[in-house]
Structure formats: structure tokens, C-alpha cells
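Numbers restart at 1 for each chain; the letters A, B, ... are given by sequence-line order, proteins then strands. Please read all numbers here as calculations on a predicted model, not as lab measurements.
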Protein chains: 4
Amino acid sequence: MQAGNSTGKQRAGGRAKSFTETGRRAQIVAAAIDVIAEVGYQRASFMKIAQRAGLSSTGMISYHFDGRDDLMREVVAEAMRVADVYMRPRIEAHERYAARLRASIEGNLDLLAEYPNHLAALAEVLGNLRGGDPGMVAFTQGMEAILAFQVEQLRKGQQAGEFCDFDPWVMMRAIRAAIDDVVRRARDEPDVDVRAAGRELADLFDRATSATSTTSR
Amino acid sequence: MQAGNSTGKQRAGGRAKSFTETGRRAQIVAAAIDVIAEVGYQRASFMKIAQRAGLSSTGMISYHFDGRDDLMREVVAEAMRVADVYMRPRIEAHERYAARLRASIEGNLDLLAEYPNHLAALAEVLGNLRGGDPGMVAFTQGMEAILAFQVEQLRKGQQAGEFCDFDPWVMMRAIRAAIDDVVRRARDEPDVDVRAAGRELADLFDRATSATSTTSR
Amino acid sequence: MQAGNSTGKQRAGGRAKSFTETGRRAQIVAAAIDVIAEVGYQRASFMKIAQRAGLSSTGMISYHFDGRDDLMREVVAEAMRVADVYMRPRIEAHERYAARLRASIEGNLDLLAEYPNHLAALAEVLGNLRGGDPGMVAFTQGMEAILAFQVEQLRKGQQAGEFCDFDPWVMMRAIRAAIDDVVRRARDEPDVDVRAAGRELADLFDRATSATSTTSR
Amino acid sequence: MQAGNSTGKQRAGGRAKSFTETGRRAQIVAAAIDVIAEVGYQRASFMKIAQRAGLSSTGMISYHFDGRDDLMREVVAEAMRVADVYMRPRIEAHERYAARLRASIEGNLDLLAEYPNHLAALAEVLGNLRGGDPGMVAFTQGMEAILAFQVEQLRKGQQAGEFCDFDPWVMMRAIRAAIDDVVRRARDEPDVDVRAAGRELADLFDRATSATSTTSR
DNA sequence: GATGAATGAGTGTTCATTCAT
DNA sequence: GATGAATGAACACTCATTCAT
């Protein structure tokens, strides 16, 4: 999952939470991220998550979260928060859109090297969402908004003459899919050099978006 | 899932099957493909598949298949068979590697337009395999072999001077990931013009692989 | 199961059977004996028996037998028939009751050495009968009759002064239980010398029944 | 099943258990003992056990026990514990091996009179173990160890001149088989006087093992 | 007679969730 | 707040039996 440029998160339920409840929730979310990264979205049962979190029963999770979907929403929110903190400064350090795109791609895979479980969990949860899932609809829309922002960046790059002519939605999804694929590969083969893969992908999409190759003909 | 160049498959058990049993198996596999495409690999229970196939009980599926893994193997084999029949002549109609790559990408998405459930089920099953799954190991290896063949094609294209310098494994996985992403998108948003997306992706990876930009420098 | 001195068998159902049907039945019974000896009474499913018999479906068994109990009755009857043919002349070759008892014990274990599956299946089926099983009640009573005959032999030996004073029912059941135990042991450890065990058991029960030890004091 | 001289047991899983969980486990084990004694090992389904224990679903049993084997292990452990408590002082009250053997036989059947289901369940579970059952292997070995101890007692009795010459393994298995047979008979015919049977069996094996017959010659 | 596909009840097990304590 | 026992539905799978052909 390509991360960065998040629009920020907010809890689904609006009621105020005490400090310890917030702490418990964070603890459970952290355990969920590890478990999801390890065994996948579907096999990440409450029991496994509770064990990883050092809890003695799954009831604790149901107590703190309004169902499995709520927990998963928090997992995604936490992963996105981490990604946002990591990515935003690296992207905004650049002016030109092409440089920002490269920073985005390489940054995602540097992030993967540092937080492999976060990105793996993120990809797992989002990859297992269905369009029809009620309760996750608003969620999916939030994801679309983030993607739309990134697409808009591509479009601006085109208008600025940095990028050639292409469908920015198709390009953006291809970039995200390629990054997610490395995330999945890193999960199964921990020895993969994800930073090197990041540079390769950045080169790849640089060529794919660059205006120079067309103008030079 | 990018398909094509399948190595073919046959049932593990050697016992001869009657025509009607073969028919029932095919019917169940077809139902499984539809259900998997609709609700995903994990949620595709025998009960849903049996209902879709017009069977009164899940026992019938266990009667015809040697467990869930066996059914899933047949699902993949069937999807690969369809893909192979569709893709192979389209790819082999071209001489040059660049043209073959374009044919492969566009062909996959034309195939998606005609058999959306087949490709969706294929991606679902393969995407949910874990390294540790015993009984599916040989299966994963078979997929790797196909991917390796496609990587080899890219490498030959580089040697022939048609492609620029890039890591063929990274490129191949990026291509496959981009195609699979369209498959997933088409599943959730049936109105997507997948053939147009195919042309866009073909253009994208044509630029990303083309040797022209280097010669013009 | 101690065998011998059978009162003979008769089919439960009274209708006449054709020659081929009788052949099929015998074939199935033979397969059932092997399967039961190998995997036990409860795990001996129609499917395993059909496979062993070279039949392509379990329906064949249900066609020829009026349910599982009917098949099991035939299994016992066949095993008892074999045992009776083998045991009767060996026992009747002796005049004295003590010699007949020894012939009975050693004969049973010689029989075990020659037909291990028959005796194992016999013990399995009889050992898994419950008192309450309807449809098997008449059957159990038949077994009791055989045992009663053997008890009567012991009693006659006592009256003849060959045996000391003991409860013949308890003695008979102990003998049978000891023999059955060797049958079970031979099933799990095929290297056991069952004939040697037979001689040991014959000695054991010779001492336990002998009138000499008491008179000699 | 002849019991006594148990080596003791404790749960495989090391997790500490609350009092109520321990209570529930004991309740389920007690229900399992009753059901197994009534319908046998194989027919003792979780559903029947749950109903007997007053539970609404079989899931509760899976919650408290790590599978069917785990429950069966506890059943045997409980039966052996009861047997050990009952038998040990009765056996150790005697010095001589012959007296100990008599105490062992009569004690087992007195125990049967008091805990008929415990011994019936014990015999059922152990009698249905196959050599190939993984997870129960260590279990079978434990039973062999107990039997070996009892065999050793017989051997010592022979060396002490109390017993005549016989194969102690064959003798021990015959004794155990005779006791188990009474257990089974008591299960099907509750009116049997098991204590009387115990005295008869003790007399029987006293004669079978006694050294007096040899000295008088 | 013989076949084998179909049936439906039953198996142990996992799961997210609930609720009395 | 926190616990963990209890719940009931769902899961894949096996089984003996039935029945149209």
C-alpha cells in the first residue's frame, strides 16, 4: 500500500476515551498489526491477537472495539499515521513533481524496510476489503480520497510539463500496485532488498512518466 | 493475475472419471470461480459454492474433490487453461519482444473483459497462498516457473536491444501487479473500461521498457 | 474371541439368494474382515471395505446387505465358520476334558497364526457390541449360547473329577478374555509368537483348573 | 482395565487455570466418563458429552480441551487417579507377592463396584487406541510402563519362591484381560456380582501362579 | 443386477461476540 | 474497567444410505 499524504484519521465512534482505554486500544492495534502481517487478514483471529497482546481473553478486544471492522479500521489508521509521519517531510522536501514522485516511491519502500509489519498489515486489510462491505464503505471512500490527492499531483505534474501524457488514475494505481507487490514479496521472502527494489521502481515509473523521452524523439 | 504460458495441469488422483463426474466437477469449479470472484477466497465456503452449483449439500463437493485445496487447485487450473487458450495465440502472433509485451498486457485485460470471474478468482486464490501452506507448495512453485519464463522473455528483449536496462524481475512483478489491480478494480466497479486500462498500461510499460529514450540521448 | 463349538450360522434375512449374489456377499465379507482387522470395527467404513473388495462404490454393499449390522453379522458368522471347521476336529480328538480345554486354547492360537484377520475381526465386532443394540440382540444371545456350551463342558469336567472347584462361567470368560487379548496383541505387534503364548495360556489354565494341586496337599 | 500404581499425570499445556475452569474441565471429564461407559469410545461424541454436562454446545468442550485426544487423556488420567488412590493402600497393606496379587485383583473389582463408569471408560479408551495414533503414543507408552511394573512384581514373586514358573508377561496380560472382561460384563449386565467375580478370579490366578503344587510333588 | 451420483445427518473445531461477576 | 466462561453459527469433512439409470 502506498502511503503518505494522508488526510488524517478520526475515530469512528465519537465518545471520549480515557487514557488507559486509549493505551489498551493502542496495545491491541499494535498486536493486530503484527498478527495480520504474519498470518494475513482472514487468519488474524481475535484469539491470536489477544495472545500477541498478552491478553488473557478475546473479550477484551470486543470490549474495546466495536467489532472486527472497528479494529481493522484502527489498524489502517495507525499504519497510515506512521506512514504519513514518515513520508510527508520526505516528499515535501522536493519542489518538482517528478522528484516528489520518486521520493514517494523510494520513501514507501524505505518505510517498508523500517516498519515491515505496518505496511504489510495495511496492504492486507485494504486488499481484503470488498466494495459491498457495509460499515467499511465510508472507509473505502476515505482511501479513495487519498488516492485522488495523489492523482491530482500527477495531473499537476503533467500540466507543469514534467510528465508526459497518460491517464493519471491508471498510472497512480499501477504505482501503488507495484509498491504493494514488493510489500507482499518482502513478507514471504524477508531477504529481499526492498530499498533496491524501491530505486528500481522509481526508475521504472520515472521513465514511464517522463516527458523527455517523448520530446527527444 | 497475468496469465498465459500455462504449463497445463491434470488431476492428482489417477482414477478414471466418468463423464458425468467430470461434468459435475466442472460445474462445481465454475460455481467456485463465481463465488470466489464475488466474496473472495477465504469467504468462499463450500456451502456458498454448493448453493451456486445447485447442490443440496456441501458433502457433494467433498465427494468430488479431495478437500478444499484440491478444489482450489482445479479453480486455478481451469482459469489458467482459459487464459492460456486466449493469450497464447495473441502473444505468438508477434515477433518482437516489445510487441509481445504489449500483446500480453492488452490481452490479459481483453481476457478480463470476457472472463472477469476467472481472472478475479485466479488472483484471489494465488494472492491468498502463504508460503507455509503444505499441499499448495508445488502449486506456488508452478506459478514461479511461469513468472520466470516471462522474466526470461524480458531479458531476451533486453539482449535484442528492444528494451532498456532494468531489473526484469522487478519489471515483471510490476506489470503483473498492475494487471491484477485492474482485475480487483473491475470486480468492485463493473463499469470500468478494462480494455482502455489495458491500452494505458501497455503504453505505460512500453515507455518504461523502451530503448528509444536511451538511443535519443 | 475364543472360537469353536459353534452352533452353526444362518442368515438373518430369509429370502433365497442367487449364486452370484452369494459370491458378491462372500467377497464383501472377506474384504470387511481384512479392513476390520486392520483399522478396527468403528473405522471400518463402507468406503474402505468397498475399495478393498475392488468395488467402485459403497452402494454395492448397501445393496447386498441390509445395513451395517447385517454385514457385521455375516463377518462374525464367516469367522465363526472358519473357526469351527478348524477347531472342532482338534477338540474332538481328545476324550478327557482337561485335554479338550488345552486343545481349545492352543487350537485357538494356532488358528490365530493361520487366520489372524478372521480372529481379529471377530474380536473387534463382538467387542464393540452393546447390550442395547437393537437388531443385534438375537445375535448376542447366539454368542451366549456358544459360551454356555463351553461352560457346560467345564462343568462336566468338574463332575468327572478332572477339574477342581471353580465358577465355570468366570473361568470360561477368563479363558476367552486371555485369548482375545493375544489376538489384539498380535494385531499391534505382528512379531508376537502366538503359538508360544497359546502353550503358556494352556499351562496357566491347566494349573488354574487342575484337580491335582488340591488333592496333592 | 486393571488399575493401580499410576505414575500420575498433569495437563500438557502449562497455562495456569482458574478454579472455575478447573471445575468445568472436571465436570466435562465426568460427563465424558459416563458417556463413554454408556455408548463406548467411538460413539462418545462431543454433542452427547456436552448434553450430559449440561452444556449448550460442543464448542464449550473444544474451548476447555485441546481436541478430542486431550479430553480422552484427561478421562484416562482421572480414572487412573481414582484407581490409584483406591488401589495403592490395599496393595501395599500386604507383604507377600501372592497376597499383593490377590489384593490387586479383588481391589480392582471392588473398585469396579464403586466406580463402574470410571473403569469402563478407562477400558474403552485404552482398548480403542491404535499403535498409529499420533498424540496418543506417549500415552500408550505410559500404560506399558505400568504393566511392566506389575510384570516385575510377578517376577519378584517368582524369585521369592512364592510363584511357580510361568511367563510373567503372559500371566499379567491374562489377569488384566480377565478383569477387563468383568468390567465389560458389568457394563452390559448391571446385576453381576463383581465382588464375587473378583474373589473367583483371585482364586483362579492364585492357583495358576501358586508354587505349592510344585513343592508337593 | 449393478452403478455411482446424490443426500442429509453427524463429526470435531474455530470464531466473534455476549454477559455475569 | 476487566475478566473469562459461555454461546451459537459456521466451517470442512465423513458417513451409511437411497435411487434413477
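Taking side-chain N and O atoms only, C/His64 has no distance below 4.0 Å to OP1 or OP2 of E/dG1. Not one side-chain nitrogen or oxygen of C/Arg24 sits closer than 4.0 Å to the OP1 or OP2 atom of E/dG1.
Atom pair B/Phe46:CZ and E/dA9:P shows a separation of 20 Å (rounding to whole Å applied). If you measure from atom CD1 of B/Ile61 to atom C1' of F/dA12, you get 10 Å, rounded to the nearest angstrom. A/Lys48 places its NZ atom 10 Å from the C1' atom of E/dT14, with the value rounded to the nearest Å. The separation between D/Ile49 atom CD1 and E/dG10 atom C1' is 15 Å, rounded to whole Å. Spacing between atom CG of B/Asp66 and atom C1' of F/dA12 amounts to 12 Å, rounded to whole angstrom units. B/Asp70 places its CG atom 12 Å from the P atom of F/dT14, with the value rounded to the nearest Å. Residue C/Arg25 contributes atom CZ, which lies 12 Å from atom P of E/dG1 at whole-angstrom precision. The interatomic distance linking C/Met72 (CE) with F/dT17 (P) rounds to 10 Å, in whole Å.
Remark: C/Arg68 is positioned above the aromatic ring of C/Tyr41, its terminal NZ or CZ atom under 6.0 angstrom from the ring centre and at most 45 degrees off the axis.
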Can you give me the N/O atom pairs linking the protein to nucleotides 18-21 of chain F at distances under 3.5 Å, or say none if there are none?
none

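Counting only heavy atoms from C-beta outward, the side chains of C/Ile36 and C/Met72 approach each other to under 4.5 Å. Contact of the B/Leu71 side chain with the B/Ile49 side chain is registered, since non-hydrogen atoms from C-beta on lie closer than 4.5 Å. Two residues are said to be in side-chain contact when any heavy atoms from C-beta on lie closer than 4.5 Å; D/Gln42 and D/Glu124 fail this criterion. Looking only at side-chain heavy atoms (C-beta outward), D/Arg73 and D/Asp69 come within less than 4.5 Å of each other. With a 4.5 Å cut-off on side-chain heavy atoms, C/Arg130 and D/Val39 do not count as touching.
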>> Let's go through C/Val76 and C/Met80 carefully: what are the C-alpha distance in whole Å and the side-chain angles of both, what is the deciding distance for side chain to side chain contact (heavy atoms under 4.5 Å, CB included) to 0.1 Å, and is it a yes or a no?
In response: CA-CA 6 Å; C/Val76 173; C/Met80 301 256 298; 3.8 Å; yes

>> Quick one, C/Met60 with C/Phe46, criterion side chain to side chain contact (heavy atoms under 4.5 Å, CB included). Give me CA distance, side-chain angles, the key distance, then yes/no.
In response: CA-CA 9 Å; C/Met60 196 78 266; C/Phe46 276 21; over 6 Å; no

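Side-chain atoms of B/Met47 lie closest to F/dC11 of the nucleotides F/dC11, E/dC15, E/dA2. Here F/dC13 is the nucleotide among F/dC13, F/dA6, E/dA6 with the atom lying nearest to any side-chain atom of B/Arg68. If you check E/dT7, F/dT7, F/dA16 against the side chain of C/Ser45, the one that comes closest is F/dA16.
Under the Watson-Crick and G-U wobble criteria, each requiring two contacts below 3.5 Å, nucleotide E/dT11 is paired to F/dA12. Nucleotide F/dA5: paired with E/dT18 (Watson-Crick or G-U wobble, both distances less than 3.5 Å).
Comparing C/Gly67 and D/Ser56 along DNA chain F, the residue whose closest nucleotide (by nearest heavy atom) sits nearer the 5' end is D/Ser56. Between B/Arg43 and D/Leu55, the one whose closest nucleotide on DNA chain F sits nearer the 5' end is D/Leu55.
A heavy atom closer than 4.0 Å to some atom of DNA chain F occurs in no member of residues 31-42 of chain D.
For the pairing with A/Val75, the side-chain contact (heavy atoms from CB on, under 4.5 Å) check across A/Ile33, A/Ile28, A/Asp70 returns one residue only, A/Ile33.
Under the 4.0 Å criterion applied to side-chain N and carboxylate O atoms, C/Glu38 and C/Arg52 are assigned as salt-bridge partners.
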